[in-house]
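All values reported here derive from a predicted model rather than from experimental measurement.
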Amino acid sequence: MSKGTLLFAGLLLFITAGAASATTITFTGSESDFTSQGVSPLQDDGIDTEFLCGGGGFQGESNHPLDIGRVYLANDATHLYLGMQYDRVCLCEMNLGWAFDVAPGGSTSDPLGRQIDWINAPSPPDVIVYDVIPTTCDNSNREVLFQADGAGGWATVTDGPNALGIVDPDGGSFVELRIPIELVQLNLTSCDPIRVEFWTTREGTTKPAFDMVANDAEQRSTPSGTQFDVPPAQPSLPSTYLVYMPECPTPAQAGSWGRVKTMYR
């Protein structure tokens, strides 16, 4: 049976099992969209990139335009909801990236040619989403979702201006992504975990990840400085994920729902 067939079967099982639960998030561009529903941060990445711009932003007295703060995941029977603190502030051509490992297989390369290589990951991503933050210097608002093609590469599932409906206003401080389960065939059966990573980068094939949430050692910006290109920086080599346990019933926990926060190595 092919990986795609297995994933589709897993999708049907999840929709059937998960119909009794609904942590549905309505997007307004605010962190309270998650917290008001009782969703706690999956992780708080804090301030760990270079200060580059003037005051303001979600971090308070100073801006860190490469930086990710608190990150959130939630789901209902039909969608996976992702939110994260991020304030682009002053840099053009900023990209946000999200990787999802949901099944055996996957691809180690970056689908847009960024200098991010998943060769050290215990299981490479099956789905990668990129968001080009809309700005006055780049208003393409490109949003693209890739799925591993089973041959070490990537197939484009959707691509275009605002193609995924990401909430990412220029100068905003919270970004939100809603992924229909059937769009990416996420394997959300029997509360199987979803492994995920978040990062920032910029346009171009010389660009590493500047901030990462699960892989701090592989981000190329720190409070003391930033390596914007490869070379001189080395490619980012993520080797771990955050792990999200979807809300879904299990035979041993009838009527019980849960979420875990941990690292996958």
Considering only heavy atoms from C-beta outward, does the side chain of [X] approach that of [Y] to under 4.5 Å?
X	Y	result
N141	D168	yes
I179	L82	no
D48	Q219	yes
W118	P238	yes
V243	I194	no
I116	E218	no
M94	P65	no

Test item: side-chain donor near acceptor, [X] and [Y], under 3.5 Å:
X	Y	result
T28	D33	yes
Y72	E31	yes
S221	E50	no
S32	S30	yes
T222	S224	yes
Q115	D110	no
N120	S239	no
N75	Y244	yes
N95	R114	yes

>> Once ring pair (Phe, Tyr, Trp, His ring centres under 6.0 Å) is applied, what residue pairs with a partner in residues 218-237 remain, sequence neighbours excluded?
In response: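 Listed once each, the pairs are F210-F228.
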>> Checking S36 now: which residues fulfil side chain to side chain donor-acceptor pair (under 3.5 Å) with it, not counting sequence neighbours?
In response: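 Side chain to side chain donor-acceptor pair (under 3.5 Å) check on S36 returns nothing, list empty.
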>> Could you work out, with side chain to side chain donor-acceptor pair (under 3.5 Å) as the rule, every residue matching R142, not counting sequence neighbours?
In response: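 Per chain and number, R142 pairs via side chain to side chain donor-acceptor pair (under 3.5 Å) with D159.
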Could you measure the distance from the [atom1] atom of [X] to the [atom2] atom of [Y]? Nearest 0.5 Å is fine.
X	Y	atom1	atom2	result
Y241	D101	OH	CG	4.5 Å
T206	D229	OG1	CG	3.5 Å
S40	F34	OG	CZ	12.0 Å
D45	L42	CG	CG	11.0 Å
L91	T200	CG	OG1	9.5 Å
L66	D211	CG	CG	7.5 Å

>> Check this for me, if you would: do R195 and E197 make a salt bridge, where the nitrogen-to-carboxylate-oxygen distance has to be below 4.0 angstrom?
In response: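 So R195 does not pair with E197 through a salt bridge.
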Do you reckon [X] sits in the same ILVMFWY cluster as [Y], going by side-chain contacts under 4.5 Å, direct or chained?
X	Y	result
V39	F27	yes
V157	V127	yes
Y130	V230	no
V132	V129	no

> Does the side chain to side chain contact (heavy atoms under 4.5 Å, CB included) test come out yes or no for L80 and F100, once each step is laid out?
Replying inline: CA-CA 11 Å; L80 182 70; F100 303 89; 3.8 Å; yes
Do any N or O atoms from the side chain of [X] and from the backbone of [Y] form a donor-acceptor pair under 3.5 angstrom?
X	Y	value
Q43	V213	yes
N215	A217	no
R220	P235	yes

>> Apply side chain to side chain donor-acceptor pair (under 3.5 Å) to residues E247 and T23 and explain how you reach the verdict.
In response: CA-CA 8 Å; E247 295 191 18; T23 305; 2.6 Å; yes
Which heavy atom of [X] sits nearest to which heavy atom of [Y], and what is that distance?
X	Y	value
E143	I166	OE1-N, 3.2 Å
D126	A103	OD2-N, 3.0 Å
L177	W98	CD2-CE3, 3.8 Å
S107	P124	O-CB, 3.4 Å
P208	S236	CB-OG, 3.6 Å
R178	P180	O-CD, 3.7 Å

>> The test is side chain to side chain contact (heavy atoms under 4.5 Å, CB included); show your working for F146 and L112 and say whether it passes.
In response: CA-CA 10 Å; F146 300 96; L112 290 183; 3.7 Å; yes
>> side chain to side chain contact (heavy atoms under 4.5 Å, CB included), that's the test. Do F198 and V71 meet it? Break it down for me.
In response: CA-CA 8 Å; F198 304 65; V71 300; 3.6 Å; yes
> Is it the case that R70 places NZ or CZ above or below the six-membered ring of F174, under 6.0 angstrom from the centre and within 45 degrees of the axis?
Replying inline: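 Because its charged atom misses either the 6.0 Å distance or the 45° angle limit, R70 does not stack over F174.
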>> Assess the residue pair Y86 and S173 against the criterion (side chain to side chain contact (heavy atoms under 4.5 Å, CB included)); give the C-alpha distance rounded to whole Å, side-chain angles, the decisive distance to 0.1 Å, and a yes or no.
In response: CA-CA 5 Å; Y86 174 73; S173 61; over 6 Å; no
